[in-house]
Each structure stands twice: as structure tokens, then as C-alpha cells.
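Worksheet for the structure shown next.
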Amino acid sequence: MLHDSFLKTLRDQARNLLTWSVGVVAYVAMLMAVYPSISKSAGRLQGYIDNLPAALRAAFLGPSGDFTSPTGYINTELLSWLAPIVFIAFAIGVAGRALAGEEEDGTLSLLLAYPVSRRRLVLQKFAALTALVSAIGAAFWASLAIATAIVGTPVGAGSIFAAVLLFTLLALAIGSVTLATGAATGSRSAGTAVGAGVAVAMYLLNTLAQINAAAHPYRVLSLFYYSGGTTPLGRGLAGVDVTVLVCTTLALLAATVLLFERRDVRV
Amino acid sequence: MRLIAASVSIGSPLIVALLAVLALVELGLLAWALLDLAKRPADRVAGGSRLLWLLLCLFVQLIGPLIYLAVGRLPAAPRALPRPQAPGGEGHVARAAAALYDAAASRARGAAGDAPPGPEADAERLGPAVELVGVRKVFRTTAALDGLSLSVPEGSVFGFLGPNGAGKTTTLRILAGLARPSSGAARVLGRDVSGAGGDVRALIGYLPDVPAFYKWMTAPQYLRFAGSLFGLRGDVLEARVAALLDLAGLAGVGTRIGGFSRGMKQRLGVAQALVNAPRLLLLDEPTSALDPIGRREVLDMVAALRGRTTVFFSTHILADVERVCDTVAIIDHGRVAAHAPIDELRRRRGGLSRLAVEVDEPPLLVAALEGAAWLRAVEVAEDGGLRLATDDLETAQRELPALVAHLGLALRRLESDELSLEDVFVDLVEGAPR
């Protein structure tokens, strides 16, 4: 039975989670299924990549320009762009519906008339967001770990776990931007727009910092820098990365509580 | 697939069994595939056999979710949506509401060891249920409430009247803790609502003017969810949900709320507002979406709650207020224009009564009425009849026929007409400074 908004939100998102998980698993399977063909043509492909302009190569493949090794292939095809898009898009969708979505639907008026404090409601919604993004992360990790084991690529499940954990934390931080904006404005579209805008801006900053020396020092301002950028696999789990991502999320969560407690709920 | 969905709905035993069988088949295939893979030599990393197995496993894994999604998106088998019937006959809703409160009170007494309420509890209950003192609420440059002050005694049925935009909904939202006053004090059951937490809201039931629910839930699911937020559990919760479904005429309705009519949602709204047997029931236009029978049942229910709880009832339907309310406040432009028991309000508006008179020569009678001590005003209606306003109805009824006879006129009609709440309302609202 649904005793609180945490469980209710999980139930709200069950079908959404299922759809996203199936999509993630299918895409990982498809990409890993073609890896054996890629590895057979490794020499020719790497030669082509080595002839690309250095800036372009660095922007999409990282400083090493590795594409044909298992780690390089997974980094390039899955982790450098697909994983951020999937995790962040899912987190923004869930966070947008969490408070602002309920407010726009009119269900928040009844919910807040019950003896549920606003702080508690925000914390339960955030806990649900964390659980749901973690579930997508688990599906991504499991499918990639199983696929690499089946295809026989020498990438450890622990290494994949580290990369997926960083993406999960990145998605939670961006989702918290959406949650805070939605809590402050009561507008789901405003929350989605601000969350997506912040994500795109940070992604561009991190990419630009890899090809432009002048922008290089500012890469620390981008959360993507802490989630591994273009080479998440093999980066490992650094304490500073986890700390920055977790602290950013917690700061945004505190802001969400403060903003939400100080405003009227719309009719 | 639609034919299947017409005969079974998601969650039915047939679908559950089908999905369970599919899940078992999937798990079996997955285990078989993994065992097969484990037997193969490690150097065959790019072997076609492994890839085929991988794709097969993933494809099979997708079958169950895809069926669930396909069936779940089809409309559920149509069910008849019964009108709220009153299984107990006339007055059933009112009796159900009263029984709900009596059961809650009995449970509370049981929890307290049947001890009689102490003097502190008595003192608390004797205070006003709602007290607003100089409440202002400003939205940018517009003052929705402009120094609103009123007091509602506990146990009463209070009518809160006003034209559209007068500030009724804003007042109710402040009392429910959804909005905060810009200035002034709003107290519910002796506690300031703007600084109060869940302890005050645990004593309140609130029905917004357009209640919105989670569309995927059924009425029992929603009531269980709402009840659990008030800390109800187990048999107590189930008994409360059953009583409220009966009260709302939604017992046996398994349709999701997304398929409810406006009236059904309104009845569910009333039910959820009662889930905690509140000491203060805030109802914002509770009868606006109901048909005449539903409206009568809600009004009967409100009347039955008199003395059991305090009902703060906003509406623009004057007949509803006249029917059930003890006391009324008329609000206009964010201020209280009048606040008194209904009868007193009528008397206070000059204490006037009206007489409708029809004679064959109205101008003669009008001329003869000049100087009559009991007459306050006279006007000629469009139909040629006279409308007299008097502050001494008894004298007027005695002297008027004598005067007509003295003038030799034929008296065709003489009726007294009490000042209605509508007259008071229009008089107050139209006469207010704009």
C-alpha cells in the first residue's frame, strides 16, 4: 500500500522507468553486438581517427584518441554522450513532475492540505528521484557488464560501476536543478528548461575546455568534468569527483526546501 | 488485443498468470543461454553464436514489458458508473457522515480510556474554530484580501458568501495552509496557520473548488493513500475507507479516477476531506459540480455534521446557505460586508418586510399612503402592483385593508414578502463602494 509520497512517486514512475530501462538495455545490447566487427577493423579505423584534426579528436574521443580498444569504444559510443543524455533526460523528467508537475495538475493542493510538511515532501520526492535514477543506473550497469562479459571485452564490472555511479550523481545534480526551479516557480516547463539549459551549458564548457587552452581552467566549473567527460571508463572513482557532485546536489536540495517552504501553492 | 482487453483488464488474474508464465519462460531461457555461454571457449569472443544468444535473450526479455505496455495502454473494460445510490434510502448520506464522526469519536474515547474530556479540552473546544484578524493578501499590486476579520464558533455551519473574485478561495487556501497572509493573523482551532505544521492540518479537512486526484488511482486507493497520510492504518483505515466510499456513492466503482465525471470527483473530494473526521471542514464551493440530487445529499451531510464538527462552507449559491448555515459572512472586495446569523442579518438590514399589493386604482392608494407611520418606501412594479416596505408588518397588515375599503377600491392581492438573503446580498454587494 502507498503510505507516503515516496512510494507514490515510485508507483507514478513505474511505467516510465520500465520504458527507459528497456531502451537502455536494448541500446547497450545493440552497440555491444557490433563491437566484434569493429575490433576486426581496428587497424584501419584507428588510422582514420589518427588523421582527424587533433581538436576534433580530443573533443569526441578524449586526449588519447582511442576508439578501437574496448574501453575506447565504450567511452566513445556509450559513455561520452549517450549515458549523460539518458541519465540527465530521465532525471529532468522525473524531477519536473515531482513538485511542479503535481502543482500544475492540481494534486499538490490536496497533498499539502494533509499533515505532510513541505520539507518532508521535498525530501520524499528527492528520495524517489534518487531511487529512480539509481534504478536506471543499475539497468545500465548490469546490461553493460553482462554484454562486455558475453562479448569478451576486458572491461571490469567494477570499472563500469565507477563510471555509472558518476553519471548517476551527475544526473541527480542536474535533476536537483530542475527540482529547485520547479519548487521555486511551480512551473514544470521552467524547471525542465533551466535543468536542460544548465546541462547543455556545462557539457559545452567541458567539451570546449578540452580543445581550447584558454577555456581549459574553467572546466572545473562544469559538472561533466567530475563525471569523467569524454573518458569516464578507466578514470576510476576519485573522492573529489564524488564529493563535488554530492555536495552540489545537497546544496540544491537545501535550496529546494527553502524555496518551497516560502511560497504559496498555485490554485 | 483490444478484444482481449475488453474482457480482461490489467491486474486481472488472467493477465497476471500470463505475465508470470512469460517471466518464468524468460528466466529459463536466460539461464539456459548463460549456461551455454559458460561452456564455450573463452577465445571465441566474437563468435556469432554468442551474439545470437545475447540478442535472443534481450528480445525475449522485452516480450513481457511490451505486452504489459500494450495491454496497459488499451482502455480498460468499460464498467457501468453508478450514480450515487442511497442504499439506506432518504438521508443516507447524512446518516453515514454522522455515523463516521460518531465512530471516530468513539475510537478517540476508547484510546483515551473512556475518560471524560478534561477542562483543558473543554476550554480548547469552546474557542473559535476559525479566527481571522485584519488579514491582507496582496498579489503584486492587487489586494485579494483587505483587512478581513471574522470569527467562526466551533461546532457551527458557517456560510461564506461572496461574488466571484471577492476573496473566498484565497481565504480558504490561507486556512488550509496553502497560502500565507501578507499581514494579519489567521488562526485555526487556536493555532496560527502560517507558522503551524502538520499538527493543525491533521485537524482540518479541505475540499478545493476543483479537486484534482491521481488519475491512475481508484477511489479506494486514493482514500487509503489520504488516510495513511493522516496516520490511519489497518482495520481502522479500511473501515473508514469503506464508510467514505458508501457516503460518496462510490462503493463498488473500480474505475480509475481519470475516468470519473466532474460530479464523481466532487463526491470523492468530499469523502477525502472527511477521511480524518476533521474538527474543521473547509469546503470551497462543494455543490458547484453536482446535480440536484447530489447537491441535496451534500447539503444534508453538512447539516448532519452540525455539532459534530465545524463546517466552513464557501459558495455563491444563496439557497444552499439559507438551507444549512447557522451564520453567514458576506465578503466583497476582500472585506467582510456583513457577518451574523442569517435571521439577524435580515433584521439588521433595516428590519424591513415587504408587502405586495394590487388594487384597481394604484395612484389613489399611493396618494393615501403618504404620511403612514409604518410605511418606509413604496414603488410601482412593472405589472402595476405596489411594493411597500415596512418596519411594522403587523400594523400594515391591519391598516392597509381598512384604508383600501375607505377609498372604495377593490383589493385584489395583499401578500407579505420576507427580505431574502439574496436581497441582502445584492443590497450589500451592489451598494458597496467600488
Donor-acceptor side-chain pairing of Tyr114(A) and Gln272(B) below 3.5 angstrom: yes

Interface residue of largest heavy-atom contact number with chain A, from Trp216(B), Phe230(B), Tyr206(B), under 4.5 Å: Trp216(B)

Top contributor to chain A contacts, counting heavy-atom pairs under 4.5 Å, from Ala176(B), Pro211(B), Ala226(B): Ala226(B)

Six-ring centre of Trp20(A), Arg15(A) cation under 6.0 angstrom, axis tolerance 45°: no

If you look only at distance, which donor and acceptor atoms sit under 3.5 Å apart when one is on a side chain in residues 135-143 of chain B and the other is two or more places apart or in another chain?
unit_1	atom_1	unit_2	atom_2	d
Arg136(B)	NH1	Asp146(B)	OD1	2.7
Lys137(B)	NZ	Asp264(A)	OD2	2.4
Lys137(B)	NZ	Arg180(B)	O	2.6

Residues that Ser314(B) engages under side chain to side chain donor-acceptor pair (under 3.5 Å), provided they are two or more places apart: Asp284(B)

Phe87(A) ring center within less than 6.0 Å of Phe140(A) ring center: yes

Ring geometry between Tyr222(B) and Tyr214(B) (parallel below 30°, tilted from 30 to 60°, perpendicular above 60°): tilted

Neighbours of chain B found in residues 180-194 of chain A - heavy atoms under 4.5 Å: none

Pairs where residues 118-132 of chain A contributes a residue and the test salt bridge (Lys or Arg N to Asp or Glu O under 4.0 Å) is met, not counting sequence neighbours: Glu102(A)-Lys125(A), Arg119(A)-Glu261(A)

